[in-house]
Amino acid sequence: MVTISLPGMPADFFEPISDHKTPPTYLYFDGTSWKPGESGKTVPVASPIDGSVVGNLPVVTPKEIDAVMAAATSSQPAWEATPLYKRVSVMHLAADWIRQFEEYLTNVMIREIGKSAGEAKSEIVRTADLIDYFADEAEALRGETIDSDNFPGYEKGKIAIVERVAHGVVLAIAPFNYPVNLSASKIAPALLMGNSVVVKPPTMGGISGLHLVRIFEKAGVPKGVITAVTGTGDVIGDYVVRHDAVSMVAFTGSSDTGLAIAGKAPMKPLLFECGGNNPVVVMPDADMGVTAHEIIKGGFAYSGQRCTGIKYVLTTKAIREQLVEMMLKLMPEMVKAGDPRSPDTKLVGPVISESAARHIEEVIEASVKNGATIVMGGKRTGAMIEPTILTGVLPTMPVIAKETFGPVVSFVDVNSFDEAVTIINNSSYGLQASVFTKDEGTGIVFAGKLHVGTVQINGSPQRGPDHFPFLGVKHSGTGVQGVRYSLEAMSRIRPIVLNKPQ
Ligand code: G3P
């Protein structure tokens with residue numbers, strides 16, 4: 001990792017990105033200047049903590065989107081022609097400035113999305129490290145040459161020069177739950193591979209996303225090469241995704257939205273991370289203490305609002321009874337629902353909005369009506385959902401038939417582990433799955449039966465470490481993230497074949 005002495009941080013670093021009224025109305029970035037939306041329409045970012053307006057985001061118009069796309073298109077060739085070592089140095093400076101603003105960015109994120117201080121700070125630190133890692137890895141990612149005569153029937157005389165080149169304009173759509181990290185995980189590889197990037201931050205988390213774009217701008221990304229357009233997906237999403245200037249779409253969000261976008265960006269490379277609805281399988285020989293700890297951590301971190309969150313546990317009735325008993329003992333020390341600003345709060349704060357909380361409440365109630373049992377939790381107060389454990393859940397019940405993006409872990413009793421395989425493989429989701437067993441060989445064989453992206457053995461699902469491959473199958477995504485994988489996804493190869501007369 002290259003360490004750079006930080007140049008003097010301009011005092012007005014974030015000044016231009018908002019009107020600085022109370023609450024501020026933020027500006028979109030057309031690649032040269034920060035501007036209020038011409039329509040005057042804005043969307044409020046209401047804190048899930050107390051409903052207070054953290055700020056307002058402009059809803060850009062098609063005309064403003066066209067101008068942004070034109071800037072992204074015209075600026076991209078010169079950026080791709082910029083020597084890689086210069087692109088790399090811009091990334092390292094951005095990473096160092098993110099570290100410089102760790103506390104500031106952490107506080108913005110806590111208020112915007114109700115993430116706990118610990119989790120928000122961890123996201124900021126992780127993002128700086130990720131950008132540095134991308135920059136180091138990009139320097140090693142080169143093309144190749146291939147000779148003709150190692151294919152039957154061919155003589156020497158043809159050499160393929162295989163370059164790795166940019167797609168052009170990458171559209172980066174980030175989710176509310178990681179507004180900084182899952183923006184940077186798209187922006188950094190896209191820029192390093194010579195693309196220009198149009199960033200569509202989430203509405204909730206959009207303020208954090210705009211701060212990140214400002215950091216890239218000030219770190220030296222040239223005019224037009226990075227831009228940011230804001231507005232709710234239902235208003236500007238179609239126009240942005242369908243835009244002819246967009247060469248590639250990188251998206252993290254719900255499976256429903258991912259499916260909708262995929263249908264609107266035909267013949268374009270896609271890098272999607274969608275809903276996970278992740279299962280856990282607990283074998284009879286599993287270490288129940290480790291398993292209970294991992295299920296709690298994986299099920300309740302950031303109030304269950306992670307694509308890799310644990311959503312249901314498949315095991316026999318006897319093991320479930322042991323496990324639930326163990327979890328109930330551990331919950332008081334591992335989980336304390338409350339205000340994410342409080343140091344006493346552990347893992348569970350408010351979910352992203354009261355309407356999201358009402359939806360979670362509804363699916364819990366519907367599942368209980370169908371026969372599920374609430375072992376703990378289940379109640380809603382405003383945007384707060386109590387940490388909830390359900391038993392007697394069936395795969396068809398609403399709480400797990402579709403991903404419930406909240407602090408809810410369901411137990412599904414099975415009579416065999418083949419039945420568990422069938423349930424997992426019949427699901428439309430396939431991000432990750434976890435298997436708990438002391439016999440790692442059994443775990444590896446079992447993992448081979450599961451139609452999911454990644455199988456964790458004796459650990460809860462997670463995306464990190466961020467250089468590991470990370471992918472979803474079925475409705476959980478398309479393409480592979482992870483440092484080298486993302487760099488490859490954000491580029492394409494361009495073969496040039498030299499035909500040399502013999
Ligand atoms: O929900 C986003 C997904 O990427 C989760 O990441 O690091 O919490 O497993 P992580």
Side-chain angles (χ1 to χ4, degrees), residues 48 109 112-116 118-131 133-134 172-189 201-202 204-205 208-209 212 250-258 271-280 294-311 340 346-349 351-352 356 402-409 429-434 452-457 459-473 475-483 485-486 489:
M109 190 185 296
E112 239 199 320
I113 64 169
K115 194 169 258 192
S116 73
E119 289 171 317
K121 178 180 177 179
S122 162
E123 176 175 345
I124 302 302
V125 171
R126 174 183 185 181
T127 300
D129 293 340
L130 175 61
I131 294 170
Y133 202 109
F134 269 126
I173 305 172
F176 78 79
N177 61 350
Y178 281 88
V180 172
N181 184 268
L182 286 173
S183 295
S185 70
K186 301 166 177 65
I187 295 169
M204 303 296 287
S208 300
L212 178 71
F251 163 77
T252 301
S254 73
S255 294
D256 289 346
T257 305
L271 181 60
F272 283 15
E273 170 198 345
C274 299
N277 210 22
N278 308 288
V280 167
E294 287 297 303
I295 291 173
I296 293 169
K297 183 185 76 171
F300 296 106
Y302 187 38
S303 311
Q305 298 177 113
R306 294 166 55 234
C307 301
T308 48
I310 288 174
K311 297 302 166 188
K346 293 178 185 173
L347 300 185
V348 175
V351 294
I352 195 61
K402 287 200 76 172
E403 182 179 51
T404 297
F405 222 50
V408 184
V409 173
Y429 297 92
L431 190 63
Q432 299 206 2
S434 289
V452 296
T454 302
V455 180
Q456 303 275 356
I457 296 177
S460 60
Q462 64 178 77
R463 172 165 46 107
D466 292 353
H467 64 309
F468 279 18
F470 181 66
L471 70 152
V473 297
H475 291 176
S476 289
T478 182
V480 186
Q481 293 180 88
V483 172
Y485 306 90
S486 293

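Each residue takes its place number in the sequence, starting with 1. Whatever order the structure lists them in is the order used to number ligands and atoms, beginning at 1.
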Does a side-chain N-to-carboxylate-O contact under 4.0 Å join Lys297 and Glu294?
yes
Check ring-ring contact (aromatic ring centres under 6.0 Å, His included) between Phe470 and all other residues, then give those that pass, not counting sequence neighbours.
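In terms of ring-ring contact (aromatic ring centres under 6.0 Å, His included), with neighbours along the sequence ignored, Phe470 is linked to no residue.
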Quick one: sort the Phe176 and Phe405 rings into parallel, tilted or perpendicular, breaks at 30° and 60°.
perpendicular
For each nitrogen or oxygen atom of ligand 1, which protein N/O atoms lie closer than 3.5 Å, and how far apart are they, rounded to 0.1 Å?
unit_1, atom_1, unit_2, atom_2, d
ligand 1, 1 (O), Asn177, ND2, 2.8
ligand 1, 1 (O), Cys307, N, 2.7
ligand 1, 4 (O), Glu273, OE2, 2.7
ligand 1, 4 (O), Arg463, NE, 2.6
ligand 1, 6 (O), Arg463, NE, 3.1
ligand 1, 6 (O), Arg463, NH2, 3.4
ligand 1, 7 (O), Arg126, NH1, 2.8
ligand 1, 7 (O), Arg126, NH2, 2.9
ligand 1, 8 (O), Tyr178, OH, 2.4
ligand 1, 8 (O), Arg306, NE, 2.7
ligand 1, 8 (O), Arg306, NH2, 3.3
ligand 1, 9 (O), Arg306, NH2, 3.1
ligand 1, 9 (O), Thr308, OG1, 2.6
ligand 1, 9 (O), Arg463, N, 2.8

In short, Gly453 meets Val473 closest at the heavy-atom pair N-CG2, 4.1 Å
Side chains of Gln456 and Gln432: is there a donor and an acceptor less than 3.5 Å apart?
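Checked: Gln456/Gln432 side chains pair up, N/O donor to acceptor below 3.5 Å.
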Partner of Glu273 under side chain to side chain donor-acceptor pair (under 3.5 Å), picked from Lys186, Gln481, Arg463, is Gln481
